[in-house]
Every structure is written in structure tokens, then in C-alpha cells.
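These notes concern the structure reproduced below.
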Amino acid sequence: MTDAITSDNEYRQQRLANMAALKELGYEPFGRAFERTGRLSEIRAAFEEEKPVTAAGRLTTIRDMGKSIFADINDGSDRFQIYVQKKAVGEDVFDAFKLLDIGDHIGVDGELFITRTEEPTIKITSWTLLSKALLPLPEKWHGLKDVESRYRQRYLDLISNPDSRALFNRRIATIREIRNYLSNKGFYEVETPMMQQQAGGAAARPFATHYTALDSEMYLRIAPELYLKRLLVGGFDKVFELNRNFRNEGLDRTHNPEFTMLEIYEAYTDVSGMRELIQGMITHVADTVYGTLKVGSEAQPVDLSLPWREATYRELIVERMGDDWYDLSLDDARAKAEAEGLDLDPAWDMLMVTHEVYEKLIEKTLQQPTFVTRLPAQLVPLAKACPDDPSVVDVFELVIAGQEVAPAYTEMNDPIEQRSRLNSQAGEDAEKVDEEFLTALEHGMPPAGGMGVGIDRLVMILSGVDAIRDVILFPQLKSRE
RNA sequence: GGAGGUGUAGCUCAGUUGGCAGAGCAGCUGACUCUUAAUCAGCGGGUCCAGGGUUCGAGUCCCUGCACCUCUACCA
């Protein structure tokens with residue numbers, strides 16, 4: 001099955017024979033550029049009976065009626081019916097057409113008409129072979145269901161499963177609309193290094209590689225953050241980067257080792273500026289791509305109507321675990337959490353127990369968009385403290401459909417404080433601290449709000465799919481050797 | 001890392017108690033000038049994921065491995 005990619009079976013033999021026969025008749029099996037009136041979707045949109053058109057596409061079905069043939073071609077924009085009549089094209093051209101197989105790319109000249117069953121159709125006068133397909137397509141009715149084949153041979157999935165193609169069209173449109181939105185707000189899109197001497201800006205195991213010319217170890221970035229902040233120092237007041245991050249960690253339903261991340265930084269604002277921005281951005285995408293603010297799936301409906309709920313971390317904990325939660329002794333709190341079915345590490349303190357409650361019992365239940373604010377400072381070492389309470393930080397986590405979609409910070413711009421936090425984070429690996437970044441901060445980074453948005457996850461939530469592999473064209477899979 | 005599930009024709013799937021390997025679509029031959037999952041008649045097509053084992057006999061039972069899926073654990 002999936003490993004028989006170039007298997008030499010009867011289908012391939014038959015198609016090779018058809019190709020040889022066509023060659024014999026003067027048809028070049030692998031053609032060159034072919035000028036068409038337009039995409040099939042454009043031809044359909046400008047349909048006019050008796051209008052001459054030139055079109056191209058892949059043959060997807062053939063209905064042979066004897067002296068006339070109906071077939072469908074598809075160019076990725078649309079499917080369109082063509083009609084080949086022996087009387088109209090002549091016997092030689094007609095007989096040669098019968099040597100075509102489903103999957104072949106052809107170009108056609110003809111005239112538009114509407115059949116008795118009211119199907120817009122091209123009645124062809126001539127056709128050209130553009131590319132012979134030597135292997136068959138998946139079945140027309142059931143499509144390609146085998147999950148592994150759908151990922152490994154995504155092209156077959158895209159050809160035979162219209163839902164999959166539609167989902168990737170939405171992903172493409174989502175990314176385009178995010179860029180439009182941010183560009184219209186005056187943000188500059190920048191590109192910063194994906195290969196870094198130190199993989200900073202997040203805590204994750206990086207992929208390591210070796211740069212031969214410099215004879216040095218390099219890492220694929222786990223986040224662009226530290227470079228984007230250098231640009232804040234350099235005078236870019238509104239920047240974003242929308243591109244790939246790489247993390248050398250496990251694979252599962254919601255994690256792919258390379259994933260698409262949007263990071264946004266804006267000078268002279270703070271976390272509340274980010275809140276306005278993300279609400280505007282996501283509702284813009286929903287409006288323009290989905291045409292509605294009611295998105296997600298039937299099982300996981302999401303209503304993006306504004307305003308979105310805002311709740312402090314503490315409020316959510318108390319709401320779930322009772323007014324007295326923060327007055328309980330560690331033992332009593334543990335007992336209460338365990339009674340809720342949580343499995344707690346004996347070494348955990350109150351902070352960790354409480355956070356386990358948040359992650360396991362609360363976050364997953366936040367179906368509608370919720371800004372969780374005022375997180376404990378210990379959990380978020382790189383954000384600024386709230387002015388009225390240094391034990392909590394001025395951040396939010398936007399949670400939708402039980403998933404963290406966008407964390408935002410009022411960014412740390414004090415180089416002294418930043419250095420001490422990075423040092424304590426690095427522990428004994430002092431060389432892991434990005435000194436050049438700290439130097440940049442000492443030149444003065446304006447106060448700023450910053451935010452990260454996991455694009456794959458956003459697409460999953462808006463489209464209501466639950467596997468990240470379904471929104472990444474070529475997800476990571478193990479080698480089959 | 002752990003547990004469970006799946007793997008059969010190009011594709012989608014059946015396969016009973018261990019007893020000749022099945023269907024639909026696709027392919028091939030033939031019929032058919034408005035079909036659209038075209039229809040009708042006929043014909044081919046298998047490394048049953050791989051490797052061992054049990055048995056007179058294994059797609060089916062046992063062991064090992066591989067891939068994929070789900071749950072779980074780890075992962076700021």
C-alpha cells in the first residue's frame with residue numbers, strides 16, 4: 001500500500017501501454033506550457049453559451065457513452081465537465097481520447113454549452129496531452145481514507161478529498177488575512193535568524209546542527225523573541241514575524257516539531273494593547289475567512305462575539321475550588337485536589353498544586369474565548385509584575401476551546417532585572433545566556449507589549465479539527481525504511 | 001516510556017469455529033450519441049505489513065519487529 005509508491009502493477013503497465021500508443025499517434029506524453037482562457041473557476045464565473053474557451057485540468061472521471069464521452073477535468077480551482085463527440089472531433093481524435101486515463105492532465109479547446117441536465121460543459125473541438133499519469137488516483141467516491149497515506153502522500157489527499165483541500169485553503173487565507181490585518185495596523189513583517197548560536201526566547205530542547213564553514217554548533221530557533229526585541233531597541237516600534245519554530249520534543253495530536261508561530265511586539269504599549277490587537281485580528285480572520293464569528297465544530301462550538309471574557313487566574317481557581325482555596329493548608333489543598341481526581345507529585349508546593357488544578361481542571365473547560373490574567377510571577381519569569389501586586393505578572397493567556405492560543409506580556413525592559421532572571425534560569429549553564437541580547441537591552445528597549453500566537457492551533461480551533469497533522473501540509477512522520 | 005487499537009487487490013472495506021482469498025469502485029474486452037457514483041454483459045487482478053512459531057492445514061492462534069491511530073506519561 002503506502003510503500004508501493006512506484007509498484008509495477010497492472011495499472012502502471014496498462015498506462016505505460018496507453019502512453020506508448022498515444023506517442024505512436026504523435027501525442028507527446030509530457031507537454032509544455034499551455035495557454036488557457038483562465039482557471040476553471042473563472043471560466044465558470046464568466047460562463048456564456050457558445051463562447052469559445054481553452055482550458056486545462058486533470059481528468060477525474062470518464063463516462064464513455066459509445067460515440068460520445070463525458071468527462072470531468074479539475075485544475076485545483078474547480079471541476080468542469082467536458083463533452084467529446086465523435087462527430088465533432090473526428091474519429092482519430094476521438095479514438096486517441098479513449099487512450100487517456102483518469103489522472104492525466106489535458107488541455108482542451110471547445111465551446112461552452114449547457115446540457116439537458118443543465119450542467120455547464122465544454123464541447124471540445126480538440127485536446128492536447130499535457131501530462132500522462134502512470135499511477136492511478138484513489139477511488140472517486142470514498143476518496144483517500146488511510147490516515148498514513150493522507151499524510152505521506154498529501155498530494156493524493158488534496159486531489160481526492162475536497163474537505164482537505166478546503167481546510168488548507170482556509171489555512172492559507174487565515175495567514176494572508178493576519179498579514180493584511182497587521183500590515184494595515186502599521187506593523188512591519190521582519191525575518192530574524194532561524195539558525196542561532198543560542199536557542200533562546202523559550203524553554204524547549206532545540207535541534208542542533210553543525211555549521212561547517214565556522215566549525216561551530218548551531219541551533220534551529222525555538223522562538224524569534226530575542227531578535228524581535230533587538231529590533232525594538234533598533235527603532236522598529238511595531239514588528240511581527242510569522243514563520244516556523246522548531247522544538248526537539250515529542251510528537252502528538254497537538255504537537256509537530258516544526259510549527260508556525262506569530263510573534264508581535266509593539267513599543268509604548270502593554271498587555272492591554274495586545275488584548276485589543278488579538279481580538280481585532282482573530283475576529284477579522286473569522287469574518288473574512290469563515291464569514292462568521294461562530295466557528296469551530298459542532299462538538300466544540302466557539303463564539304467569537306466581542307467582548308471576550310476576562311478573568312484573573314485567582315478568580316478561576318476560586319470559582320472552581322471554592323472561596324477558601326487560598327486559605328487552605330498545603331495538605332488540605334492536596335486532599336481537595338486529589339478528591340477531584342488529580343495525581344499530585346509529593347514534592348509540589350502550593351503554587352504547583354494550584355497550577356495543576358488550573359491546567360487539568362480549568363483551562364480545558366474554557367471553551368469560549370477567555371483572557372486569563374494576573375498569573376503568579378513564578379510561573380512567568382520574563383514578564384513585568386503588576387504595579388499593584390508584585391506576586392502576579394501583567395500578562396494574559398488567551399484560551400479558546402480549552403487550548404492556550406496566545407500568551408501576551410508586558411515585556412521586561414529592565415536589563416539588570418532581565419540579566420538576573422536569565423542567569424537564574426540558566427543555572428549552571430551560564431554560557432546559555434544570550435549576552436548580545438542583554439547588551440541590546442542596555443542600550444534601552446522601549447516599554448512594549450508582546451504576544452505569541454500559535455498559528456496551527458488557531459487554524460485548528462477556527463476550523464474545528466483536533467489534530468495538528470490535519471492543518472500542516474506535510475506533518476512529521478517516522479521514516480518507513 | 002506505558003496501555004490499547006489498526007495493517008487484506010490501485011482505493012474503500014468484508015472475511016464466521018483454523019479448512020479453496022471476497023465485494024464495490026478502479027482496470028481490461030464488448031454494447032451504447034446528454035452522461036454526471038452513467039448503465040448493461042463478460043474477464044483479469046493478492047508478499048493477507050515483515051520475520052519466526054504452533055498445526056495435517058494460519059488472513060484467522062502465539063512470539064518478535066515495523067508503521068499509523070487513540071489514550072497516557074514526559075516536555076516552561
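Because the structure is a prediction, the values reported are computed rather than measured. The chains referred to below are lettered A, B, ... by the order of the sequence lines, with proteins before strands, and numbering in each begins at 1.
- Taking the six-membered ring for Trp, W127(A) and Y27(A) have ring centres closer than 6.0 Å.
- Checking A38(B) for Watson-Crick or G-U wobble geometry (two distances, each under 3.5 Å) identifies no partner in any strand.
- The distance from atom CG of L342(A) to atom P of A73(B) is 11 Å, rounded to the nearest whole Å.
- Residue R247(A) is classed as having no contact, given no heavy-atom separation below 4.0 Å to the nucleic acid.
- For the pairing with K98(A), the salt bridge (Lys or Arg N to Asp or Glu O under 4.0 Å) check across D64(A), D92(A), D104(A) returns one residue only, D64(A).
- Across all strands shown, the partner of C25(B) is G10(B), judged by Watson-Crick or G-U wobble contacts whose two distances both fall under 3.5 Å.
- In this model, no side-chain donor or acceptor of E119(A) finds a partner on the base of U35(B) within 3.5 Å.
- E91(A) has no carboxylate O lying under 4.0 Å from a charged side-chain N of K67(A), or vice versa, which leaves the two without a salt bridge.
- Ion pairing between D75(A) and R36(A) holds under the 4.0 Å rule for side-chain N and carboxylate O.
- Side-chain nitrogen and oxygen atoms of R469(A) include at least one within less than 4.0 Å of the OP1 or OP2 phosphate oxygen of U70(B).
- Under a 4.0 Å N-O distance rule, the pair D394(A)/R374(A) does not qualify as a salt bridge.
- The side-chain heavy atoms of R253(A) and I468(A), taken from C-beta on, include no pair separated by under 4.5 Å.
- Residue R152(A) places at least one side-chain N or O under 4.0 Å from the OP1 or OP2 atom of C68(B).
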If you restrict it to nitrogen or oxygen atoms, what contacts under 3.5 Å exist between nucleotides 43-45 of chain B and the protein, and what is each distance?
{"unit_1": "G44(B)", "atom_1": "N2", "unit_2": "E10(A)", "atom_2": "OE1", "d": "2.9"}
{"unit_1": "G44(B)", "atom_1": "N2", "unit_2": "E10(A)", "atom_2": "OE2", "d": "2.7"}
{"unit_1": "G45(B)", "atom_1": "O2'", "unit_2": "E10(A)", "atom_2": "OE2", "d": "3.2"}

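- Applying the Watson-Crick and G-U wobble criteria (two distances, each under 3.5 Å), G19(B) pairs with C56(B).
- Among the atoms of the strands shown, none is found under 4.0 Å from any heavy atom of K86(A).
- In this entry the distance linking CD1 of I69(A) with P of C32(B) reads 13 Å, nearest Å.
- Using N1 to N3 plus N6-O4 or O6-N4 for Watson-Crick, or N1-O2 and O6-N3 for G-U wobble, each under 3.5 Å, C74(B) pairs with nothing.
- Distances from the side chain of K478(A) to the nucleotides U35(B), A67(B), G10(B) place A67(B) closest.
- Between N245(A) atom CG and C75(B) atom P there is a gap of 21 Å when expressed in whole angstrom units.
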Polar-atom pairs under 3.5 Å, protein N or O versus N or O of nucleotides 1-5 of chain B: list them with distances, or write none.
none

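- Looking at R12(A), its side chain never comes within 3.5 Å of a backbone N or O of L134(A) through a donor-acceptor pair.
- Across all strands shown, F113(A) has heavy atoms under 4.0 Å from base atoms, whether or not it also approaches the sugar-phosphate.
- Using a cutoff of 4.0 Å between basic side-chain nitrogens and carboxylate oxygens, K384(A) and E417(A) are not scored as salt-bridged.
- Residue L477(A) is classed as a sugar-phosphate contact, given heavy-atom separations below 4.0 Å to backbone atoms only.
- Between the side chain of R421(A) and the backbone N or O of I416(A) there is no donor-acceptor pair closer than 3.5 Å.
- A sub-4.0 Å separation between OP1 or OP2 of C11(B) and a side-chain N or O of K140(A) is absent.
- Within the 3.5 Å criterion, the main-chain N or O of I362(A) finds a donor-acceptor partner in the side chain of T365(A).
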